[in-house]
Structure formats: C-alpha cells, structure tokens
Novice: 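Mind having a look at this structure? Questions to follow.
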Amino acid sequence: MESSVWKNPNLITVWLWCLLRANHQEVKMPFNGNDIKLLPGQFITGINKAIKELPISAQTYRTCIAYLKST
C-alpha cells in the first residue's frame with residue numbers, strides 16, 4: 001500500500017482495470033485475420049475501448065499506461 005500506484009486514483013483505476021481485463025488462462029483469439037495465442041496476464045485492447053470503460057480521459061489513460069509500463 002506504499003506503492004505510488006496505490007496512492008494515485010487514476011493509476012489504481014487503470015491498474016485494476018488491466019487486472020480485470022487480463023486472461024486467466026491461455027486462449028486463442030482472432031486478431032487481424034489470424035488466430036493469436038494470449039497467455040495468462042495478456043489481453044488485447046485499444047485506447048477507444050479503454051476510455052469507454054474507464055472514467056478518465058484519453059490523455060490520462062496514456063499517461064497512466066506509460067507510467068505502469070515504466071514501473
């Protein structure tokens with residue numbers, strides 16, 4: 001709970017959303033005309049889908065994702 005993610009409402013929202021969207025087992029999904037394998041912890045999304053599901057702006061989402069990737 002001392003994490004910088006926990007202390008920032010936008011970051012914790014995006015982080016929890018990612019956890020909830022992530023696959024919990026290996027799955028195959030169609031993507032751009034091909035079947036791809038997604039491993040546990042992976043998911044496919046885009047910024048438009050994310051901002052529809054999250055109560056934040058596109059810029060805030062991009063900032064949060066960049067921060068989460070870097071940490």
Novice: Got more than 12 heavy atoms from elsewhere within 6.0 Å of CD, Q59?
Specialist: yes
Novice: So which atom in V14 and which in I56 form the shortest heavy-atom distance, rounded to 0.1 Å?
Specialist: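 Scanning both residues, the minimum pair turns out to be CG2-CD1, 3.5 Å.
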Novice: Return the CG to OG1 distance between N10 and T13, rounded to the nearest 0.5 Å.
Specialist: 6.0 Å
Novice: Counting the benzene-type ring for Trp, do W15 and Y67 have ring centres under 6.0 Å apart?
Specialist: no
Novice: Rounded to the nearest 0.5 Å, what separates atom NZ in K28 from atom CG in N34?
Specialist: 12.0 Å
Novice: To the nearest 0.5 angstrom, please state how far the OG atom of S70 sits from the CG atom of L68.
Specialist: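 Those atoms lie 8.0 Å apart.
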Novice: Atom CD of E53 and atom CG of L20: how far apart are they, to the nearest 0.5 Å?
Specialist: 10.0 Å
Novice: Are V27 and F43 in one and the same hydrophobic cluster, where Ile, Leu, Val, Met, Phe, Trp and Tyr link if side-chain heavy atoms are under 4.5 Å apart?
Specialist: no
Novice: Would you say I65 and I44 are hydrophobically clustered, going by side-chain heavy atoms of ILVMFWY under 4.5 Å?
Specialist: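 No: no chain of side-chain contacts under 4.5 Å links I65 to I44.
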Novice: If you take all heavy atoms of T45 and A50, which pair is closest and at what distance?
Specialist: OG1-N, 4.2 Å
Novice: Could you measure the distance from the CD1 atom of I47 to the NZ atom of K49? Nearest 0.5 Å is fine.
Specialist: 14.5 Å
Novice: Do W6 and L19 share a hydrophobic cluster, counting only Ile, Leu, Val, Met, Phe, Trp and Tyr and linking them when any side-chain heavy atoms are less than 4.5 Å apart?
Specialist: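 Yes, W6 connects to L19 through the hydrophobic network.
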Novice: Dump the intermediate steps for side-chain hydrogen bond (donor to acceptor under 3.5 Å, both in side chains) on T60 and T63, then the final yes or no.
Specialist: CA-CA 5 Å; T60 300; T63 300; over 6 Å; no
Novice: Give a yes or no answer on whether the side chain of N23 reaches the backbone of E26 with a donor-acceptor pair at less than 3.5 Å.
Specialist: no
Novice: Could you walk me through whether K37 and M29 pass the side chain to side chain contact (heavy atoms under 4.5 Å, CB included) test, one step at a time?
Specialist: CA-CA 7 Å; K37 180 172 57 172; M29 295 187 65; over 6 Å; no
Novice: Look only at the side chain of Q42 and the backbone of L39, and say whether a donor-acceptor pair between them is shorter than 3.5 Å.
Specialist: yes
